Each structure stands twice: as C-alpha cells, then as structure tokens.
A.B. asks: 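Take this structure, written in structure tokens, and hold onto it; I'll ask about it next.
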Amino acid sequence: MNLITFIVALTALISLILATLAFWLPILSPDSEKMSPYECGFDPLGTARLPFSLRFFLVAILFLLFDLEIALLLPLPWGDQLNSPLTTSLWATTILLLLTLGLVYEWLQGGLEWAE
C-alpha cells in the first residue's frame with residue numbers, strides 16, 4: 001500500500017509541476033502576436049462580413065474525407081485474421097476505389113485548382 005501511495009503522490013506532483021510550468025512560461029515573454037486571438041488568418045478587429053473563397057471549405061471537407069478513410073481502414077490488419085479475409089479485403093478495396101474515384105472527379109472538375 002505504501003508503494004501505491006508513493007506512485008499516486010509522485011504522479012500528482014509531476015502533473016502539478018507541468019501544469020504550473022505550462023501556465024507560467026507563456027507569461028514570461030508576451031508580445032502582440034501571442035496576445036492577439038487567432039481567427040483563421042482574418043483580421044479579428046475588422047468586419048465579420050468579409051467574403052472569402054469557398055475553396056477553403058473544399059480543402060477542409062477533403063481533409064475530413066481522407067481522415068475518415070484512415071479511420072475506416074484502421075482495423076484492416078485485425079480484419080485479416082477473420083474467417084474470411086477476402087470479405088475484409090473486398091470492403092477495403094471498395095472504400096479505396098470509391099474515394100479514389102471521388103478524388104479523380106474533383107480533380108477533373110477543377111475543384112482542386114487554387115488559381116482561376
């Protein structure tokens with residue numbers, strides 16, 4: 001029981017030290033860049049009704065789509081140990097093929113071009 005108490009106390013002490021350092025260190029050298037809020041590259045003091053390109057949202061959606069692809073394909077190594085690894089491979093190939101076709105379609109439509 002003594003060892004468990006020591007480990008809990010040591011963990012709490014290290015956590016407290018790290019939290020104190022994380023709170024204290026940024027205050028040492030404040031400047032205008034660190035003190036200003038980050039607003040996705042827009043001027044935070046200007047008007048909120050500025051027009052901007054919808055291509056930003058296209059890139060964000062593509063990022064989310066391919067991030068979802070990674071999440072869907074993550075259990076693939078464990079799926080190969082099932083009774084029918086062919087089914088797992090078929091579903092993985094279907095997902096990759098569908099996403100590849102969608103990417104090719106976006107590319108051919110010019111949705112990935114930043115310059116007009």
Side-chain angles (χ1 to χ4, degrees):
M1 189 68 179
N2 215 358
L3 180 63
I4 294 175
T5 307
F6 174 72
I7 290 174
V8 169
L10 184 65
T11 304
L13 180 68
I14 290 173
S15 299
L16 184 65
I17 290 171
L18 289 176
T20 305
L21 282 175
F23 181 73
W24 178 64
L25 282 178
I27 299 174
L28 290 178
S29 59
D31 59 5
S32 62
E33 293 294 323
K34 288 183 182 178
M35 299 300 287
S36 67
Y38 180 70
E39 297 285 339
C40 298
F42 298 115
D43 183 21
L45 301 175
T47 179
R49 304 281 183 205
L50 291 175
F52 55 92
S53 176
L54 290 177
R55 295 185 191 275
F56 170 78
F57 292 109
L58 176 66
V59 170
I61 288 172
L62 284 175
F63 173 76
L64 288 175
L65 184 69
F66 285 104
D67 195 36
L68 178 66
E69 170 198 0
I70 291 171
L72 288 174
L73 295 177
L74 191 60
L76 189 61
W78 291 282
D80 284 342
Q81 299 173 4
L82 294 175
N83 292 334
S84 61
L86 183 64
T87 306
T88 306
S89 300
L90 180 68
W91 280 109
T93 305
T94 304
I95 290 171
L96 286 174
L97 184 64
L98 183 65
L99 287 172
T100 304
L101 288 174
L103 183 63
V104 168
Y105 176 76
E106 281 291 325
W107 196 338
L108 292 177
Q109 293 296 320
L112 300 177
E113 299 292 328
W114 284 103
E116 299 285 329

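Quick note: residue numbers are just sequence positions, from 1. All figures in this text were calculated on a predicted structure; none of them were measured in a lab.
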A.B. asks: Measuring from atom CG of L68 to atom CD1 of I61, what distance do you get when rounded to the nearest 0.5 angstrom?
C.D. replies: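 One gets 13.0 Å once the value is rounded to the nearest 0.5 Å.
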A.B. asks: Answer yes or no: is there a side-chain heavy-atom contact under 4.5 Å between W91 and T87?
C.D. replies: yes
A.B. asks: Without placing hydrogens or testing angles, list every side-chain donor-acceptor pair under 3.5 Å for residues 8-21, not counting sequence neighbours.
C.D. replies:
residue	atom	partner	partner atom	Å
T11	OG1	I7	O	2.7
S15	OG	T11	O	2.9
T20	OG1	L16	O	2.7

A.B. asks: Mind checking the OG1-CG spacing from T94 to L99? Nearest 0.5 Å is all I need.
C.D. replies: 11.0 Å
A.B. asks: Could you give the distance from CG (L90) to CD1 (I95), rounded to the nearest 0.5 Å?
C.D. replies: 10.0 Å
A.B. asks: Tell me who clusters with L101, hydrophobic residues only, linked when side chains sit under 4.5 Å apart either directly or through other members.
C.D. replies: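 Grouped by the 4.5 Å side-chain rule, L97 form the rest of the cluster around L101.
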